[in-house]
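None of the values given here were measured: they were computed from a predicted structure. Residues: numbered from 1 along the sequence shown.
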Amino acid sequence: ANSSIDAKLVLLGDMGAGKSSLVLRFVKGQFLEFQESTIGAAFFSQTLAVGDATVKFEIWDTAGQERYHSLAPMYYRGAAAAIIVYDISSSESFERAKKWVQELQKQGNPNMVRALAGNKCDLEDKRKVTTEEACTYAEENGLFFLETSAKTVINVNDIFYEIARRLPRA
Ligand code: GDP
Ligand code: MG
């Protein structure tokens, strides 16, 4: 039977990791070298057909800065899915991503589908976080893991498709 699912999805991660760029690429097929910083949070929606189901994502792109941290629960509460984003060329952003994973483990919906995105994988020569390290971390913490590039389009649609595929069917 055909089913239609509304799924709230939140992007979390350090400022500059590429959250807005991933969403912009997914929703509009665009990429900006000088993407403006997000203020508070931005909302987008996008529909995907996966098998015989239609998933309508309601996407909350959060700001990432510490000063907005207290707002984050508004966005991840009740979310069916989260993408935690770090930048493969920044160890700090990976540490920050782990903090978000911990926060979701404590406060988030336990059935939430969680993805870890190692973004900017086009910057191989600046890489600070190995694929293996992130993959092991993701496995140990029940996330699925993909390295993405909003710039070169690697794995951008794939991460949203994989989330859609894993969402519980009504
Ligand atoms: P956010 O703060 O997490 O929303 O990050 P932004 O989406 O604003 O991106 C921060 C900066 O990184 C911008 O200058 C983007 O153009 C750049 N950026 C985002 N994704 C990528 C990527 O996959 N590769 C490269 N090389 N740069 C990226
Ligand atoms: Mg942003």
Does some side-chain heavy atom of [Y] sit less than 4.5 Å from a side-chain heavy atom of [X]?
{"X": "Glu139", "Y": "Cys135", "answer": "yes"}
{"X": "Val113", "Y": "Phe144", "answer": "yes"}
{"X": "Asn157", "Y": "Phe26", "answer": "yes"}
{"X": "Ser45", "Y": "Lys56", "answer": "yes"}

Given the rule that I, L, V, M, F, W and Y join up when any side-chain heavy atoms are under 4.5 Å apart, are [X] and [Y] in one cluster?
{"X": "Leu48", "Y": "Leu146", "result": "yes"}
{"X": "Val129", "Y": "Tyr137", "result": "yes"}
{"X": "Ile163", "Y": "Leu104", "result": "no"}
{"X": "Leu143", "Y": "Tyr76", "result": "yes"}
{"X": "Tyr68", "Y": "Met15", "result": "no"}

Tell me, please, which residues at least two apart from Phe44 pass ring-ring contact (aromatic ring centres under 6.0 Å, His included).
->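 None.
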
From [X] [atom1] over to [Y] [atom2], what is the distance, rounded to the nearest 0.5 angstrom?
{"X": "Leu123", "Y": "Asp87", "atom1": "CG", "atom2": "CG", "value": "6.5 Å"}
{"X": "Asn141", "Y": "Gln105", "atom1": "CG", "atom2": "CD", "value": "5.0 Å"}
{"X": "Ile159", "Y": "Ile83", "atom1": "CD1", "atom2": "CD1", "value": "5.0 Å"}
{"X": "Cys121", "Y": "Arg127", "atom1": "SG", "atom2": "CZ", "value": "7.5 Å"}
{"X": "Arg114", "Y": "Asn111", "atom1": "CZ", "atom2": "CG", "value": "10.5 Å"}
{"X": "Arg25", "Y": "Leu32", "atom1": "CZ", "atom2": "CG", "value": "9.5 Å"}

Short question: side chain of [X], backbone of [Y] - any donor-acceptor pair under 3.5 Å?
{"X": "Gln35", "Y": "Ser20", "value": "no"}
{"X": "Asn155", "Y": "Glu147", "value": "yes"}
{"X": "Asn119", "Y": "Ala17", "value": "yes"}

**OP:** I would like to know whether Arg166 and Glu162 meet salt bridge (Lys or Arg N to Asp or Glu O under 4.0 Å); could you show each step before the answer?
**Re:** CA-CA 6 Å; Arg166 290 174 184 234; Glu162 187 56 28; 2.7 Å; yes

TODO: Kindly determine whether Leu71 and Thr62 satisfy side chain to side chain contact (heavy atoms under 4.5 Å, CB included), including the steps that lead there.
DONE: CA-CA 9 Å; Leu71 299 177; Thr62 65; over 6 Å; no

Shortest non-hydrogen separation from [X] to [Y] and the atoms involved:
{"X": "Phe145", "Y": "Ala138", "value": "CB-CB, 3.6 Å"}
{"X": "Asn109", "Y": "Ala80", "value": "ND2-CA, 4.4 Å"}
{"X": "Val50", "Y": "Ala164", "value": "CG2-CB, 3.5 Å"}
{"X": "Ala81", "Y": "Leu167", "value": "CB-CD2, 4.5 Å"}
{"X": "Phe94", "Y": "Ala134", "value": "CZ-CA, 3.9 Å"}
{"X": "Ala150", "Y": "Val156", "value": "CA-CG2, 4.0 Å"}

Using distance only, find each side-chain donor-acceptor pair of residues 5-14 under 3.5 Å and give its atom names and separation, not counting sequence neighbours.
| residue | atom | partner | partner atom | Å |
| --- | --- | --- | --- | --- |
| Lys8 | NZ | Met74 | O | 3.3 |
| Lys8 | NZ | Tyr75 | O | 3.3 |
| Lys8 | NZ | Arg77 | O | 2.7 |

Is there a side chain to side chain contact (heavy atoms under 4.5 Å, CB included) between Tyr86 and Arg96 once you walk through the steps? CA-CA 8 Å; Tyr86 68 94; Arg96 189 79 191 90; over 6 Å; no

Original post:
Residues sharing Val153's hydrophobic cluster, by side-chain heavy-atom contacts under 4.5 Å among ILVMFWY, directly or via others?
Top reply: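 Other cluster members: none.
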
- Query: side chain to side chain contact (heavy atoms under 4.5 Å, CB included) between Val55 and Phe57: does it pass, once the steps are laid out?
  - Reply: CA-CA 6 Å; Val55 176; Phe57 281 119; 4.0 Å; yes

Q: Show the numbers, then the answer: is there a side chain to side chain contact (heavy atoms under 4.5 Å, CB included) between His69 and Trp100?
A: CA-CA 10 Å; His69 193 151; Trp100 281 116; 3.8 Å; yes

